[in-house]
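The block underneath contains the structure these notes are about, expressed in structure tokens.
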Amino acid sequence: MIRHVRRASPSSRLALLAALALAAAGCSTARNSEASGVPECQQCHGGVSGNAAPPRSASGATATTALGVGAHQAHLGRADFRPAVRCDECHVVPASGTEHINGVAEVAFSGGATLGGATPQWSATTATCSGVYCHGATLAAGGAFTAPVWNAPGQAHLGCTSCHGAPPPSHAAASTACNACHPATVKADGTIDVAGGHHMNGVVEASGHVDFSSPATHGPRFFAYLGGDTSLDCKACHGADYGGGSGPSCTACHAAAGWTAWSSNCSFCHGARNPTTQAGYDVAAHPTWAAPPDALAQRLDPAHAPVPARTGAHQAHLTGLGSTSGAAYVTPAIACATCHAVPGDLSHAGGAGRAPVALVGSGSLPAALGSYDQATGTCTTYCHGTTLANAAGAVAPPPVWTGAELGCAGCHGNPPASGQHAFHVTGLGYTCSVCHTGTVDTTGAVGPNHVDGVTEVVFITPGVATWDGAGCTARCHTDPAVRAWR
């Protein structure tokens, strides 16, 4: 860029003109004299369009294919995209003097070209700008001119797709209703609100849920909508089935992240995240995949503090692990439907924010399992020994959902408080496997028929005794007076 000095004496003026003639080839054809009244920058640059940028270069070129002309006027005249680009955003503008008259077009990016942390580069060899904020360096561009050629033959004005796509690739649906989410940037008629100053300012201004690529941002808004928040209507933009409308497709976006049938895949909000669960599964067949290893708030934002009340003993119930030996399970995996009504769609996500506990027996479990006290976080259920009370009513205290993992004593005592357990175990030294060999083996590990609603009495020595539900007939209990269990 070439700039003339300020007005000086006639002798100084003659000396400068001589210097201009010798400095660079471009200066030899400068068409304006200092006395012409043309502003000093325009004496060597521009002038035809009333600004200091070339439609006519210092060497006299006017074609946009000339390196000295290129897209100067496009940058200064695109009032439909943003205010005119200042000269100092791409060049160092000298205050005065002849130090810049060296025959070299010096490019030094600053200001708007570097917004958003962009680090623009200019290649004089290829005549291209790359890494420039103005051309989508900080966006997923999806356009053909993110490194535009400055003097490309027949180059037309660049459009939306040249910088960020229309819509940008980060927007899953092919919607161009930009105003719906960017009203401060795009007018309702689709034109840029240049006067508002929000386009190409280094900030993404959006309403609604702002950055929909962030679960921590749009997730809570979505759940608020399901809970009845009338200030936001997700389906109005994303479609009745969330498959896309004026806004992007939730389903397409989630599928791109690996989730199949996200709206009915329990693990999308609860449970583990891995390729198997993301691909979909049968909840009844794999209940462990649907239980929270962390609270929903943590799944939306990993930085969120744990919420023990939401995670609690889910995994302990669904994995079946928890024996004192650590080598077996206390019970087979308990299906979700045993403690909760399993919904078929997303409607359950609204309301009080907690999944209602509705204890219902399944399989061989009793139909009436017991009750759950949400205020104290305790269960009083069959599974935790309510049917094992002795004559004095002694039962194990109800466990706390967020408490430590339970052993045998956590449900029925070790030995259980009922009947003659204490006499046989404490007094005679019997192990559980002596009378319940089908439930507990000689190592103390429990089997799959533990906590199944049935008291199985199977003696470890075949034929040593029989059990009739009230007592046993055995060699050691030949006297009817001592054979009653209770």
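In what follows, residues are counted from 1 in the order of the sequence shown.
- Taken to the nearest 0.5 Å, the OG1 atom of T455 stands 10.5 Å off from the CG atom of N449.
- Rounding to the nearest 0.5 Å gives a distance of 13.0 Å between OG1 of T311 and NE2 of H270.
- Counting only residues at least two apart or on different chains, the side chain to side chain donor-acceptor pair (under 3.5 Å) pairs with a member in residues 79-90 are R78-D80, R82-E89, R86-D88.
- With a 4.5 Å cut-off on side-chain heavy atoms, I192 and V186 count as touching.
- Residues that satisfy the side chain to side chain donor-acceptor pair (under 3.5 Å) test with W262, not counting sequence neighbours, are T251.
- Between the SG atom of C379 and the CD atom of Q374 there is a distance of 11.0 Å, given to the nearest 0.5 Å.
- Atoms OG1 and NE2, from T260 and H254 in turn, are 12.5 Å apart once rounded to the nearest 0.5 Å.
- Closest of all the heavy-atom pairs between L115 and M200 is CD1-O, 3.9 Å.
- Take T128 and apply the side chain to side chain donor-acceptor pair (under 3.5 Å) test, not counting sequence neighbours, and it matches T126.
- The heavy-atom pair separating L76 from A53 by the smallest distance is CD1-CB, 2.8 Å.
- Taking OH of Y372 as the reference point, atom OG1 of T381 lies at 11.5 Å (rounded to 0.5 Å).
- Taking the six-membered ring where tryptophan is involved, the planes of W401 and H317 are tilted, since the angle between them lies from 30° to 60°.
- Aromatic ring centres of W150 and H75 lie closer together than 6.0 Å.
- Counting heavy atoms from C-beta on, the side chains of T191 and D193 never come closer than 4.5 Å.
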